[in-house]
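Remember, predicted model here, so these are calculated numbers, not experimental data. Numbers for residues simply follow the sequence, beginning at 1.
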Amino acid sequence: MIERFLTQTHFTSEDDFKQNLHFILPENFNFAYDVMDAWAEEEPNKLALLWTSERGEEIRFTFKDLKEQTDQVASYYQSLGIGRGDMVMLILKRHYQWWLSMLALCKLGAIAIPATHMLTAKDIVYRNQRASIKAIICVNDEYVTTQIKKSLPESPSVKILIAVNSLAQISHSVPEGFHDWNAEWKKAPQFVRPEHVNTNEDTMLMYFTSGTSGEPKMVAHDYLYALGHLTTGVYWHNLDENSIHLTVADTGWGKAVWGKLYGQWFAGATVFVYDHEKFTAEKIMRAIEKYHITSFCAPPTIYRFMIQEDFSQYDLSSLKYCTTAGEALEPAVYEKFYHLTGIRLMEGFGQTETTMTLGTFPWISPKPGSMGKPNPQYDIRLLKPDGSACEDGEKGELCVKVGDKKPIGLFKGYYRDEAKTLEAWHDGFYHTGDMAWRDEDGYYWFVGRIDDVIKSSGYRIGPFEVESALMTHPAVVECAITGVPDPIRGMVVKATVVLAKEYKERDKESLIKELQEHVKHETAPYKYPRIIEFVKELPKTISGKIRRVEIREKDNHQS
């Protein structure tokens with residue numbers, strides 16, 4: 001499959017990859033037709049999607065099944081009035097209908113906007129109004145449907161509501177005003193492909209950012225965005241047709257299309273889904289054991305919970321390759337997981353606005369805690385505030401050089417927000433807003449968001465540097481580093497810490513001193529947290545990212 005889209009498909013070294021990764025760009029590329037339907041023709045009986053649930057359910061979809069069912073779903077949505085350019089919000093948790101819907105909307109040229117089931121009515125109103133959403137396809141959960149109904153008086157663009165029952169509630173009725181997906185979709189007429197579906201420049205997918213600071217922005221991606229993820233699945237995840245891949249991500253988060261859709265099916269791998277409500281390491285590890293998962297990707301938080309389990313109680317021998325992204329990886333987590341499994345965690349970095357921009361590819365030896373090296377489909381630069389290039393060892397902003405042609409995988413811009421687009425994308429560069437530094441071997445190291453960097457007594461301290469040091473202490477389960485205003489130093493470092501259960505009853509004053517001394521020994525002493533606060537949990541966005549801005553606002557309010 002990938003030979004249709006790359007001039008060279010096998011790489012043996014970093015230099016080989018850098019010099020010879022070249023895409024073949026089809027005219028009017030459409031992932032659903034040009035990849036998925038092509039697989040259905042070439043390998044109709046190959047297992048494409050293995051969907052399971054914590055309730056013991058299991059459905060196996062071959063590429064032929066997906067071709068037939070996505071055609072049927074496309075016809076169903078078409079019959080309800082959904083077509084090219086229409087905005088469609090998907091709130092489907094991990095129901096298999098998300099995959100059918102994503103491909104069906106792609107076949108129609110409609111714009112998919114995945115969203116989390118944790119949105120409130122206010123969140124939904126904001127999204128409906130900002131994106132002029134026409135249809136909402138959602139799980140038939142009381143909370144979700146209630147929030148949607150509450151949003152409708154302030155959402156004049158919304159014309160179509162569709163509710164999807166899970167297998168466990170297949171006979172449940174849907175609320176008034178909602179179409180019943182389960183009762184209606186198979187009754188649609190035979191699908192006829194629209195005469196003109198899309199151009200490469202059309203918008204295929206939109207995500208609202210997680211809103212770690214300010215209101216969420218709408219990130220618009222064109223049809224080549226899917227092609228940009230070929231490197232994610234084939235080279236970073238290191239997948240092939242024999243792989244069974246599990247990425248732990250809710251479908252409302254951008255990581256889902258990184259790990260559960262585009263790149264994996266370019267490789268012809270089987271996408272494994274475990275539909276569950278509340279994460280536990282035990283559930284995920286049992287699923288890996290039962291279904292012989294070969295490839296696994298999760299944010300560092302998941303690995304943190306996994307390494308606290310008794311690995312002797314699980315058979316994870318099927319696992320061959322593991323990757324991590326979504327936040328920076330603490331070296332302590334890498335080392336413990338490697339000790340337990342013999343598998344090296346291969347880190348990657350990207351944003352909602354991009355595909356993977358930096359990664360530890362199979363031919364690169366990982367340095368624990370490093371994001372890896374640039375993906376050659378992006379021209380990565382580290383820039384100082386004055387726009388000049390950083391030397392090795394200097395901290396700067398990660399930027400993408402944009403020449404005459406936009407790199408494959410980079411977003412089109414922030415929808416309906418030219419000011420925000422120009423703020424991030426100017427003078428020939430896309431500015432990620434992330435700080436990093438590069439070592440003498442060309443590896444990149446995450447420092448933090450520019451807004452999160454702490455300036456104390458003339459030093460610039462990245463939150464991740466201190467968080468990594470703290471995380472090597474067994475008392476710390478999670479932590480967030482922020483700056484607190486100080487009349488002498490300008491700012492001082494504060495650590496907000498979630499303690500491991502066996503440390504919760506310890507004397508807090510002595511524990512604070514112990515953690516401070518620990519950080520002084522793990523990293524440069526000037527970075528140690530002068531203030532430490534213990535909390536039950538850290539404030540997070542609905543996609544699970546730590547909201548340091550909320551901690552800062554609380555501290556500023558109290559002071």
S.K.: I'd like to know if the side chain of D180 and the backbone of A183 have a donor-acceptor N/O pair within less than 3.5 Å.
M.R.: yes
S.K.: Evaluate the ring planes of F29 and F266, with Trp represented by its six-membered ring, and classify them as parallel (under 30°), tilted (30 to 60°) or perpendicular (over 60°).
M.R.: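 Because their plane-to-plane angle is under 30°, the rings of F29 and F266 count as parallel.
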S.K.: Would you kindly say whether H22 and Q8 are connected by a side-chain donor-acceptor distance under 3.5 Å?
M.R.: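 Side chains of H22 and Q8: no pair found under 3.5 Å.
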S.K.: Using a distance-only test with no angle check, is there a side-chain donor-acceptor pair under 3.5 angstrom linking H292 and S318?
M.R.: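 There is no such pair (donor and acceptor under 3.5 Å, judged by atom type) between the side chains of H292 and S318.
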S.K.: Does NZ in K401 sit with more than 12 non-hydrogen atoms of other residues, nucleotides or ligands closer than 6.0 Å?
M.R.: yes
S.K.: Evaluate I450 against E397 for side-chain contact (heavy atoms from CB on, under 4.5 Å), listing each step before the verdict.
M.R.: CA-CA 8 Å; I450 287 178; E397 184 182 13; 3.5 Å; yes
S.K.: What distance do H179 atom NE2 and I137 atom CD1 have between them, rounded to the nearest 0.5 Å?
M.R.: 10.5 Å
S.K.: Please walk me through it: do I91 and I136 pass side-chain contact (heavy atoms from CB on, under 4.5 Å)?
M.R.: CA-CA 8 Å; I91 309 176; I136 302 176; 4.3 Å; yes
S.K.: Before giving the answer on ring-ring contact (aromatic ring centres under 6.0 Å, His included), spell out for Y207 and F411 the whole-Å C-alpha distance, their side-chain angles and the decisive distance to 0.1 Å.
M.R.: CA-CA 10 Å; Y207 272 106; F411 76 134; over 10 Å; no
S.K.: Decide yes or no for H237 and C297: does some side-chain heavy atom of the first lie under 4.5 Å from some side-chain heavy atom of the second?
M.R.: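 Contact flag for H237/C297 side chains = yes.
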S.K.: Quick one, S155 with N128, criterion side-chain hydrogen bond (donor to acceptor under 3.5 Å, both in side chains). Give me CA distance, side-chain angles, the key distance, then yes/no.
M.R.: CA-CA 6 Å; S155 305; N128 288 344; 3.0 Å; yes
S.K.: Taking all atoms of both residues into account, what is the closest heavy-atom pair of A188 and S75, and its distance?
M.R.: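 Minimum heavy-atom separation between A188 and S75: CB-OG, 3.6 Å.
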S.K.: More than 12 heavy atoms of other residues, nucleotides or ligands under 6.0 Å from CD of E154: is that the case?
M.R.: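 Atom CD in E154 is not packed in, count stays at 12 or less.
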S.K.: Please lay out, stage by stage, how N375 and T231 fare under the test side-chain hydrogen bond (donor to acceptor under 3.5 Å, both in side chains).
M.R.: CA-CA 8 Å; N375 174 355; T231 52; 3.2 Å; yes
S.K.: If you compare all heavy atoms of L90 against all heavy atoms of A112, which two are closest, and at what distance to 0.1 Å?
M.R.: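 Shortest heavy-atom contact: CD1-CB, 4.3 Å.
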S.K.: Just by distance, do the side chain of R84 and the backbone of V197 share a donor-acceptor pair under 3.5 Å?
M.R.: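 The answer is yes, because a donor-acceptor pair under 3.5 Å joins these two groups.
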S.K.: For F208, is the NZ or CZ atom of R127 found under 6.0 angstrom from the centre of its six-membered ring and inside 45 degrees of the ring axis?
M.R.: yes
S.K.: Give the minimum heavy-atom separation between A256 and D250, together with the two atoms involved.
M.R.: CB-O, 3.6 Å
S.K.: Closer than 4.0 angstrom, basic N to acidic O: yes or no for E550 and R548?
M.R.: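 Looking at E550 and R548, the cut-off is not met.
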S.K.: Find out whether N198 and C106 are in side-chain contact, i.e. whether some heavy atom of one side chain is under 4.5 Å from a heavy atom of the other.
M.R.: no
S.K.: Just so I know, are the side chains of L261 and W98 near enough to count as touching, which here means a heavy-atom distance under 4.5 Å?
M.R.: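 Side chain of L261 against side chain of W98, heavy atoms only: contact under 4.5 Å found.
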S.K.: Counting only N and O atoms by type, is there a donor-acceptor contact under 3.5 Å from the side chain of S53 to the main-chain atoms of R55?
M.R.: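 Yes, the answer is positive, given that a donor and an acceptor are paired below the 3.5 Å cut-off.
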S.K.: Would you say the side-chain atoms of D123 and Q147 include a donor-acceptor pair closer than 3.5 Å?
M.R.: no
S.K.: Main chain of T120, side chain of K150: is a donor-acceptor contact present, judged purely on distance under 3.5 Å?
M.R.: no
S.K.: Evaluate the ring planes of Y262 and F31, with Trp represented by its six-membered ring, and classify them as parallel (under 30°), tilted (30 to 60°) or perpendicular (over 60°).
M.R.: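 Rings of Y262 and F31: perpendicular, as their planes differ by over 60°.
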S.K.: Examine W258 together with H229 and report whether their ring centres are nearer than 6.0 Å.
M.R.: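 Yes, the ring centres sit under 6.0 Å apart.
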S.K.: Looking only at atom types and distance, does a side-chain atom of N140 sit under 3.5 Å from a main-chain N or O of S173, one as donor and one as acceptor?
M.R.: yes
S.K.: Is any side-chain heavy atom of F23 closer than 4.5 Å to a side-chain heavy atom of L6?
M.R.: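 Yes, close enough: below the 4.5 Å cut-off.
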S.K.: State whether the number of non-hydrogen atoms from other residues, nucleotides or ligands found under 6.0 Å of K46 atom NZ is greater than 12.
M.R.: yes
S.K.: Which heavy-atom pair separates T145 from V139 by the least distance, and what is that distance?
M.R.: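 Smallest interatomic distance, heavy atoms only, reads CG2-O, 3.8 Å.
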S.K.: What distance separates D275 CG from S166 OG, expressed to the nearest 0.5 Å?
M.R.: 8.0 Å
S.K.: Any side-chain heavy-atom pair from I148 and L161 closer than 4.5 angstrom?
M.R.: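 Heavy-atom side-chain distance check passes, below 4.5 Å.
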S.K.: Measure across D34 and M1 and return the closest heavy-atom pair with its distance rounded to 0.1 Å.
M.R.: O-SD, 4.2 Å
S.K.: Do you know the tightest heavy-atom contact between M285 and M306?
M.R.: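 For M285 versus M306, the nearest heavy atoms are CG-CE, 3.8 Å.
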S.K.: Any chance NZ of K290 has more than 12 other-residue heavy atoms, nucleotides or ligands included, within less than 6.0 Å?
M.R.: no
S.K.: Could you verify whether a donor N or O on one side chain and an acceptor N or O on the other, from Y77 and Q72, lie under 3.5 Å apart?
M.R.: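 Checked: Y77/Q72 side chains show no N/O donor-acceptor pair below 3.5 Å.
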S.K.: Indicate yes or no: at least one non-hydrogen side-chain atom of S243 is less than 4.5 angstrom from one of T270.
M.R.: no
S.K.: Evaluate S132 against R416 for side-chain hydrogen bond (donor to acceptor under 3.5 Å, both in side chains), listing each step before the verdict.
M.R.: CA-CA 11 Å; S132 298; R416 291 179 174 172; 2.9 Å; yes
S.K.: For the side-chain hydrogen bond (donor to acceptor under 3.5 Å, both in side chains) test, which of H117, K93, R94 pairs with E277?
M.R.: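 For E277, the side-chain hydrogen bond (donor to acceptor under 3.5 Å, both in side chains) test succeeds with only one of H117, K93, R94, which is K93.
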S.K.: Would you say T247's side chain and K260's backbone share a donor-acceptor pair under 3.5 angstrom?
M.R.: no
S.K.: Quick one: NZ on K320 to CG on N242, what's the gap to the nearest 0.5 Å?
M.R.: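 K320 NZ to N242 CG: 11.5 Å, rounded to 0.5 Å.
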S.K.: Take atom NZ of K64 as the centre, draw a 6.0 Å sphere, and report whether it contains more than 12 heavy atoms from other residues, nucleotides or ligands.
M.R.: no
S.K.: Apply side-chain hydrogen bond (donor to acceptor under 3.5 Å, both in side chains) to residues T203 and Y223 and explain how you reach the verdict.
M.R.: CA-CA 6 Å; T203 302; Y223 276 79; over 6 Å; no
S.K.: Among Y303, Y291, Y274, Y321, whose ring pair (Phe, Tyr, Trp, His ring centres under 6.0 Å) with F296 holds?
M.R.: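 Filter result, single survivor: Y303.
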S.K.: Compute both the distance and the angle, then confirm whether K217 meets the cation-pi test with Y414: under 6.0 Å from the six-membered ring centre, within 45 degrees of the axis.
M.R.: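 The answer is yes, since K217 meets both limits relative to Y414.
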S.K.: Check the surroundings of atom NE2 in H10: do more than 12 heavy atoms from other residues, nucleotides or ligands lie under 6.0 Å from it?
M.R.: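 12 or below, so no.
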S.K.: Going by heavy atoms in the side chains, are L108 and Q78 under 4.5 Å from each other?
M.R.: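 They are in contact (side-chain heavy atoms under 4.5 Å apart), so the answer is yes.
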S.K.: Checking the side chain of T9 only, and the main-chain atoms of E3 only, is there a donor and an acceptor separated by less than 3.5 Å?
M.R.: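 No.
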S.K.: Please confirm whether the backbone N or O of V402 pairs with a side-chain atom of K405, one donor and one acceptor, at under 3.5 Å?
M.R.: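 Checking the backbone N and O of V402 against the side chain of K405, no donor-acceptor pair under 3.5 Å is found.
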S.K.: Closer than 3.5 angstrom, by distance alone: can the side chain of T354 be matched with the main-chain N or O of G350 as a donor-acceptor pair?
M.R.: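 Checked: no pair found.
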S.K.: Compute the ring centroids of F17 and Y235, then answer whether they are less than 6.0 Å apart.
M.R.: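 That pair passes the under 6.0 Å test.
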S.K.: Heavy-atom count around E418 CD within 6.0 Å, excluding the residue itself: above 12?
M.R.: no
S.K.: Quick one: sort the F63 and W265 rings into parallel, tilted or perpendicular, breaks at 30° and 60°.
M.R.: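 If you compare the ring of F63 with that of W265, the planes turn out perpendicular.
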S.K.: Does the side chain of K406 come within less than 4.5 Å of D222's, by heavy atoms?
M.R.: yes
S.K.: Could you point out which residue of D71, L92, T70 forms a side-chain contact (heavy atoms from CB on, under 4.5 Å) with L100?
M.R.: T70
S.K.: Between Q377 and I408, is there a donor-acceptor pair closer than 3.5 Å when you use the side chain of the first and the backbone of the second?
M.R.: yes
S.K.: Is R381 close enough and on-axis enough to F429, meaning under 6.0 Å and within 45°, for cation-pi?
M.R.: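 So R381 doesn't make the cation-pi contact.
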